[in-house]
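What follows is a single structure, written as structure tokens, with notes after it.
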Protein chains: 2
Amino acid sequence: MDWTDLQHFLALAREGTLSAAARNLNVDHVTVARRVAALEASLLLKLVDRRPRSYELTEDGKRIAKIGAPMAETAFAIERAVQASKSGIGGEITISAPPSLANVLIAPKLIRLRRLHPGIRIKLIGEKRTASLNRREADLALRLSRPTEPGLIARKIGYFEFALYGSPNYLKTTPPHAFTFVAYDSSMDEAPQQRWLMRFAASREIVLRTNDLENQAAAARTGIGLAVLPKFLGEADPLLQRHDIGGRPVGREVWLVVHRDLRRTPTIRAVAGFIEDCLA
Amino acid sequence: MDWTDLQHFLALAREGTLSAAARNLNVDHVTVARRVAALEASLLLKLVDRRPRSYELTEDGKRIAKIGAPMAETAFAIERAVQASKSGIGGEITISAPPSLANVLIAPKLIRLRRLHPGIRIKLIGEKRTASLNRREADLALRLSRPTEPGLIARKIGYFEFALYGSPNYLKTTPPHAFTFVAYDSSMDEAPQQRWLMRFAASREIVLRTNDLENQAAAARTGIGLAVLPKFLGEADPLLQRHDIGGRPVGREVWLVVHRDLRRTPTIRAVAGFIEDCLA
DNA sequence: ACTCTATTGTGAGAATTCGCACAGATGGAC
DNA sequence: GTCCATCTGTGCGAATTCTCACAATAGAGT
């Protein structure tokens, strides 16, 4: 049995489509299709139903995929062990962080890290979707809440508050009862800052919903309404003015997350230290 | 990371040499060397020290091999699951048994199994070395003692006794105090029949030691001395005559062993039933 | 109705990988 | 000492595998 065939099949089982599996493995989708077919041929067992626009696992396929899943886990554990056994400081480190934190707090200061450790190459992915440290999609991650996955070590390294921001002209000309607002779309309804905004807005209108915080800031600058922005974003923008209201402002913690296997790696420690400085 | 590279490296780690790993994987030894080199290149980590006549794992290599070992276990579990999910009776079944049992009790009757289930192809390996059911070197095994490996199901399906055999002429012309004997070599000193023989021979001479029971029988036929043979072997041979002595004869149990994962497979059950009949 | 995007399928040339044959070297058996 | 078995290394031709480009189809959004 060819383990590469297994690898491709398990990727297909996990990702659901040929194309997604192919992206995950950095190969062509045709390759995944062929390897899965090869695995079926060598096992003399039908693992997938080829339907017009999708591959669907057969019962046998599901069973095999379930049994084989630990193989992928182990493979990732090996990758972590390899990373961990690199003694010197250097190599490529992947950091996952919410887009706003990545853009505003991390990216501008990366030049300092580069000067300190020229051997380190940083890959910074600013994504909403929390990258899996277990699957080694990232080596370090910034999260806004304490993660619960097993094997991860989290440390609270910061806290930031939100405030309402609008264009100075908007705030001067608009009475509070006529305020309009900019918010996340409904996929973020559970986020504290969104709940806070909803309560505050009450019956007043939400005129724009967007997933992207940068878009919210841009919209607020044009005077369309008020947006809830992290203070580190709003205060630095001369085209935005804070509108203070009473009560306790909403805030979020920042957690630095690393896999247990990588905790003591010199390179990881160096980068982790740098990130803490960024947030200090 | 290419899983096939990992597979080759883990085989090398387990088997110790390139050549052994190559045999295990059914590929050329050059391929194993190349894949291990490729793995090192992709991990940027030296896994083996290439010494003149041997590959030796580095510390990193040992660590990686240890972490990766469960992958091989899982791969074998998948193979068992595949075998188990074949519903019809058919396919290739590998039986491992001590050579004498295989040759005398199983092989001659295989034609009956073939008539009963034409779809089954039997691979019968008669080896001293106990094949690993966990690593799926065999699907069914006959052992002379109860195995202790986890995951295996064993059932006692038979019992046979040993006796002393020599050529009729030798027994007629030789007084007991002048008996000479044929025995296993010292690697079998712990086997019950060997211990029994040693006690019985006492100070009388062992004139031939050989690992192969068939050789012992052949030697005894020529009149060189007496050999301890299973009765199912000795009684069927017209050129051998049993020499009965007092006391309780030594015997061994026969255990039929199957992996838990394969227990309920129709094909396995059919073959297991056939083997029980052979021993009945 | 249409465009846009995401999916799987097909064919051909290029790149890669593999096995074979041979060499060199070493340790054990006789 | 000599032969034999075993192990690893090298070069080359053959077989395989991969990627690329294109096609077909379906679904969502405009």
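Per chain, numbering begins at 1; letters A, B, ... match sequence-line order. Heavy-atom basis, side chains included; hydrogens, waters and symmetry copies ignored.
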Categorize A:Ser19 for me: base, sugar-phosphate, or nothing, with a 4.0 angstrom heavy-atom threshold over every strand shown. base
A:Asp2-B:Thr4 side chain donor-acceptor pair, cut-off 3.5 Å: yes
Kindly state which residues belonging to residues 37-49 of chain A come within less than 4.0 angstrom of DNA chain C, counting heavy atoms of the residue only, listed by number. none
Any side-chain hydrogen bond (donor to acceptor under 3.5 Å, both in side chains) involving residues 7-23 of chain B? Give me the pairs, sequence neighbours left out, ordered by first then second residue. B:Glu15-B:Asn24
Rounded interatomic separation in angstrom, taking CG from A:Leu18 and P from C:dT8: 4 Å
So, B:Asp185 versus B:Thr210: side-chain donor-acceptor pair below 3.5 Å or not? no
With sequence neighbours left out, what residues match A:Asp49 under side chain to side chain donor-acceptor pair (under 3.5 Å)? A:Lys46
At what distance, to the nearest 0.5 angstrom, does CD1 of A:Ile64 lie from CZ of A:Phe9? 7.0 Å
Might you work through the side chain to side chain contact (heavy atoms under 4.5 Å, CB included) test for A:Arg121 and A:Ile93, ending with a clear yes or no? CA-CA 6 Å; A:Arg121 295 184 307 285; A:Ile93 302 295; over 6 Å; no
In residues 56-63 of chain B, which ones come under 4.0 Å of DNA chain C, going by heavy atoms? none
Atom CD of A:Glu15 and atom C1' of C:dA6: how far apart are they, to the nearest Å? 15 Å
B:Thr94: partners by side chain to side chain contact (heavy atoms under 4.5 Å, CB included), with sequence neighbours left out: B:Glu92, B:Lys123, B:Ile125, B:Ala138, B:Asp139
Does B:Glu137 have any salt bridge (charged side-chain N to carboxylate O under 4.0 Å, His left out) partners at least two apart in sequence or in another chain, and if so, which? B:Arg129, B:Arg135
Terminal axes of the helix from C:dA1-D:dT30 to C:dC30-D:dG1 (five pairs each): angle between them, nearest 10 degrees: 30°
Taking the six-membered ring of A:Phe200 as reference, does the cationic atom of A:Arg204 (NZ for Lys, CZ for Arg) lie under 6.0 Å from its centre and within 45° of its axis? yes
OG on A:Ser42 to CE on A:Met1, rounded to 0.5 Å: 7.0 Å
Carboxylate-amine/guanidinium proximity below 4.0 Å for B:Glu40 and B:Arg50: yes
Quick one: list whatever passes salt bridge (charged side-chain N to carboxylate O under 4.0 Å, His left out) with B:Lys62, sequence neighbours left out. B:Glu59
Once side chain to side chain contact (heavy atoms under 4.5 Å, CB included) is applied, do any residues pair with A:Ala178, and if so which ones, sequence neighbours excluded? A:Thr174, A:Pro175
Taking only residues two or more places apart in sequence, or in another chain, which ones meet A:Asp28 in a salt bridge (charged side-chain N to carboxylate O under 4.0 Å, His left out)? none
Could you run through nucleotides 16-30 of chain C and give me one letter per nucleotide, 5' to 3': B if any protein heavy atom sits under 4.0 Å from the base, S if only the sugar-phosphate is that close, - if neither? -SBBB----BB----
Quick one: pull up CD1 in B:Ile206 and OH in B:Tyr184 and give me the separation to the nearest 0.5 Å. 13.5 Å
Which nucleotide span of DNA chain D, 5' end to 3' end, has atoms closer than 4.0 Å to non-hydrogen atoms of chain B? D:dT6 to D:dT10
